[in-house]
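This report concerns only the one structure given below.
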Protein chains: 2
Amino acid sequence: MSKCEQCIVREFSSLKALSKNELVHLSDCKTSHTIKKGEVIFEEGENVNGIFCIKDGVCKLTKLSPNGKDHIVKLVTKGELLGQRSMISEEPVNLSAVALEDMEVCFIPKSEVMSFFDKNNQFSMNVMKTICGDLKEADDHMVNLAQKTVKERLAETLLYLHDTFGKNEDNSLKVQLSRDELASMIGTATESCIRLLSDFKKLGLIELTGKKILLKDISKLKKLAE
Amino acid sequence: MSKCEQCIVREFSSLKALSKNELVHLSDCKTSHTIKKGEVIFEEGENVNGIFCIKDGVCKLTKLSPNGKDHIVKLVTKGELLGQRSMISEEPVNLSAVALEDMEVCFIPKSEVMSFFDKNNQFSMNVMKTICGDLKEADDHMVNLAQKTVKERLAETLLYLHDTFGKNEDNSLKVQLSRDELASMIGTATESCIRLLSDFKKLGLIELTGKKILLKDISKLKKLAE
DNA sequence: TAAAAAATATGACATTTGTCATATAAATGC
DNA sequence: GCATTTATATGACAAATGTCATATTTTTTA
């Protein structure tokens, strides 16, 4: 079993507040998991009795809308924690988590997290700040969905993917979303998303090679996103 | 100066966890304010060094979108606290708060809140749960904005206003929003909002008397909202 | 590797929504 | 109480977006 003391990703999450002792203890409680691309980590409505720490890979958090379509609420990656909100609320998770690529995650049982919570003030403060950050992000996102056009949202989302997850050696976006997923992130029909991508391509803003998307004119995309 | 020990609204917020002693102390630190309809409590980007406790009245939390329009992110009412997120994040507030009716609010300085935070575990847990609840609500809202039509959102919003804030003796919605505000809540143009209200009226779902809105057929509205 | 399935792409068209113009009603200031 | 401003309402039209059909490409599976 791998040791949390030696795990680098903990430095990027609330767990960075844990002491050496706490980390040693954590190593014994946590379980490690490999998750293949497309596999479900947890599903909306499930009781997840703890949190996941993402060691490697990216996943999408989705919510089923009443009309039956999935909406991607957020992407979560290496170093982040999953399931904090529902653990604190003592409710089932309100979102599903699905791997977008092969992942390595560790599961930390609730009892363990709660004991850190009680004893380590810095840890609980970190968790709170993360959730507050998520809330602010959600507010921003909400306003964008309400006030921006689909074209603006697509441009913005492409830039977000570029800035947050970086690019491959060939300069294409590192996180590969299907057109369908991209559409469910910006809140539009798949066909509209495909059409706008074609438009962007014709305008020389991006390049499309199969599933790969390459941003060619970032400053023009920024103008488009307003 | 009014006494927090005798204030009933504290029972409805995280402050319910405070002890008698803490409440006595709070009474000395807090300041009471009367805010007239339309007045600004705080503005996006401002540094608010503490939180507001709403003793009476309702306000809107808005965010300016890049295109210059205000979007109403949330309505907040009697018993709720304002400004918790930004206090914890140690950031300026990301939303503006404007009174929708005459209000009574108390301001509690940050130092005071933080000392409760450190010493009273139940209080900090309450705050966390509130923020987690807000986050879940924001996720739901996001999916609605992304996936539902304007008509569905209007129906849903009318029902929300009805269920959350109740109605007057004449059965009209208690919270009176202008068409403009209603539109900026559901994320559409004012004209579209007005037009749909007219449609709803013609369908016998609602009644319009000046600014007043009266829900006549709640079950049909529910079907419309999906 | 061939066949089947799924994803991407595009056209044609309907529907929804936004914009601008203008009319009417209500609220506000003097 | 009247004039002025602001809010509500509606028509006409344009633009954005969704839906359905279908072709093409890519991926998966047997």
Side-chain angles (χ1 to χ4, degrees), chain A residues 36-39 65-71 100-101 144-158 172-173 176-203 206-214 224-226, chain B residues 36-39 65-71 100-101 144-158 172-173 176-203 206-214 224-226:
Chain A
K36 292 250 171 267
K37 177 175 174 172
E39 277 180 12
S65 90
N67 67 28
K69 278 194 218 162
D70 260 334
H71 181 78
L100 288 176
E101 33 185 78
N144 281 342
L145 284 169
Q147 309 271 6
K148 288 193 176 176
T149 64
V150 175
K151 192 188 284 178
E152 287 166 346
R153 268 141 52 200
L154 175 58
E156 190 176 41
T157 301
L158 291 175
S172 63
L173 294 181
Q176 275 194 25
L177 297 171
S178 68
R179 304 294 189 259
D180 195 53
E181 285 170 327
L182 197 51
S184 94
M185 224 178 139
I186 66 182
T188 192
T190 310
E191 294 94 327
S192 299
C193 175
I194 289 173
R195 233 179 282 272
L196 285 171
L197 282 174
S198 297
D199 291 351
F200 283 8
K201 184 182 170 184
K202 275 170 204 152
L203 290 169
I206 63 174
E207 215 167 86
L208 299 172
T209 318
K211 205 166 209 140
K212 294 196 171 186
I213 300 174
L214 190 151
L224 254 183
E226 259 187 339
Chain B
K36 292 253 173 262
K37 177 175 174 172
E39 278 180 12
S65 90
N67 66 29
K69 278 194 217 163
D70 260 334
H71 181 79
L100 288 176
E101 33 185 78
N144 281 342
L145 284 169
Q147 308 272 4
K148 287 192 177 177
T149 64
V150 175
K151 192 187 287 180
E152 289 167 345
R153 266 140 55 197
L154 175 59
E156 189 177 41
T157 301
L158 292 176
S172 64
L173 294 181
Q176 275 195 25
L177 297 171
S178 67
R179 304 293 189 259
D180 196 53
E181 285 169 328
L182 198 51
S184 95
M185 224 179 139
I186 66 182
T188 190
T190 310
E191 295 94 326
S192 299
C193 176
I194 289 174
R195 233 179 282 273
L196 285 171
L197 282 174
S198 298
D199 290 350
F200 282 8
K201 184 181 169 184
K202 276 171 204 151
L203 291 169
I206 63 174
E207 214 166 87
L208 299 172
T209 318
K211 207 166 210 141
K212 294 196 171 186
I213 299 174
L214 190 150
L224 254 183
E226 262 190 336

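Everything numeric in this text was worked out from a predicted model, so none of it was measured. In the text below, chain A, chain B and the rest are named by the order of the sequence lines, each starting its count at 1.
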Starting from [atom2] on [N], measure out to [atom1] on [X] and report it in whole angstrom.
| X | N | atom1 | atom2 | value |
| --- | --- | --- | --- | --- |
| A:Lys69 | D:dT17 | NZ | P | 14 Å |
| A:Leu208 | C:dT8 | CG | C1' | 10 Å |
| B:Asp199 | C:dT17 | CG | C1' | 13 Å |
| B:Ile213 | D:dA7 | CD1 | C1' | 13 Å |
| B:Leu197 | D:dA9 | CG | P | 7 Å |
| A:Leu145 | D:dA16 | CG | P | 18 Å |
| B:Lys151 | D:dG18 | NZ | C1' | 15 Å |
| A:Gln147 | C:dG18 | CD | P | 10 Å |

Out of the candidates B:Val150, B:Thr149, B:Thr188, only one should pair with B:Leu196 under the side-chain contact (heavy atoms from CB on, under 4.5 Å) rule; please name it. B:Val150
For a side-chain contact (heavy atoms from CB on, under 4.5 Å) with B:Ile206, tell me which candidate from B:Leu173, B:Asp199, B:Leu154, B:Leu197 qualifies. B:Leu197
Side chain of [X] - closest among [options]:
| X | options | value |
| --- | --- | --- |
| A:Ser178 | C:dT8, C:dT17, C:dT19 | C:dT8 |
| B:Ile194 | D:dT10, C:dA9, D:dT19 | D:dT10 |
| B:Thr188 | C:dA9, C:dT17, D:dT17 | C:dT17 |
| B:Ser198 | D:dC20, D:dT17, D:dT10 | D:dT10 |

Touch class at under 4.0 angstrom, heavy-atom based, for B:Thr149 against every strand present: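 Sugar-phosphate, no base atom in range.
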On DNA chain C, check which nucleotide each of A:Ala146 and A:Gly210 is closest to and give me the residue with the more 5' one.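 Looking at DNA chain C, the more 5' nearest nucleotide goes with A:Gly210.
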Quick one: is B:Ser192 getting a side-chain N or O under 4.0 Å of the C:dG18 phosphate, OP1 or OP2?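 Result: yes.
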Quantify the bending of the helix from C:dT1-D:dA30 to C:dC30-D:dG1 as the angle between its end axes, each fitted on five pairs, to 10°. 50°
Can you see which heavy atom on B:Met185 is nearest to which on B:Leu177, and at what distance?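 Heavy atoms of B:Met185 and B:Leu177 come nearest at SD-CD1, 3.8 Å.
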Using every non-hydrogen atom in the two residues, find where A:Ser184 and A:His71 come nearest and quote the distance to one decimal. O-ND1, 2.9 Å
Pick the closest DNA chain D nucleotide for A:Lys211 and for A:Gly187 by heavy atoms, then say which residue is nearer the 5' end.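 So the residue in question is A:Gly187.
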Could you grab the distance from atom CG of A:Leu145 to atom CZ of A:Arg153, nearest 0.5 Å is fine?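 The distance works out to 5.5 Å.
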For the atom pair CD (A:Gln176) and CD (A:Glu181), what is the distance rounded to the nearest 0.5 Å?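 A:Gln176 atom CD to A:Glu181 atom CD measures 10.5 Å (nearest 0.5 Å).
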So does A:Arg195 reach the base of D:dG18 with its side chain, donor to acceptor, closer than 3.5 Å? no
Evaluate B:Ser65 against B:Asn67 for side chain to side chain donor-acceptor pair (under 3.5 Å), listing each step before the verdict. CA-CA 5 Å; B:Ser65 90; B:Asn67 66 29; 2.7 Å; yes
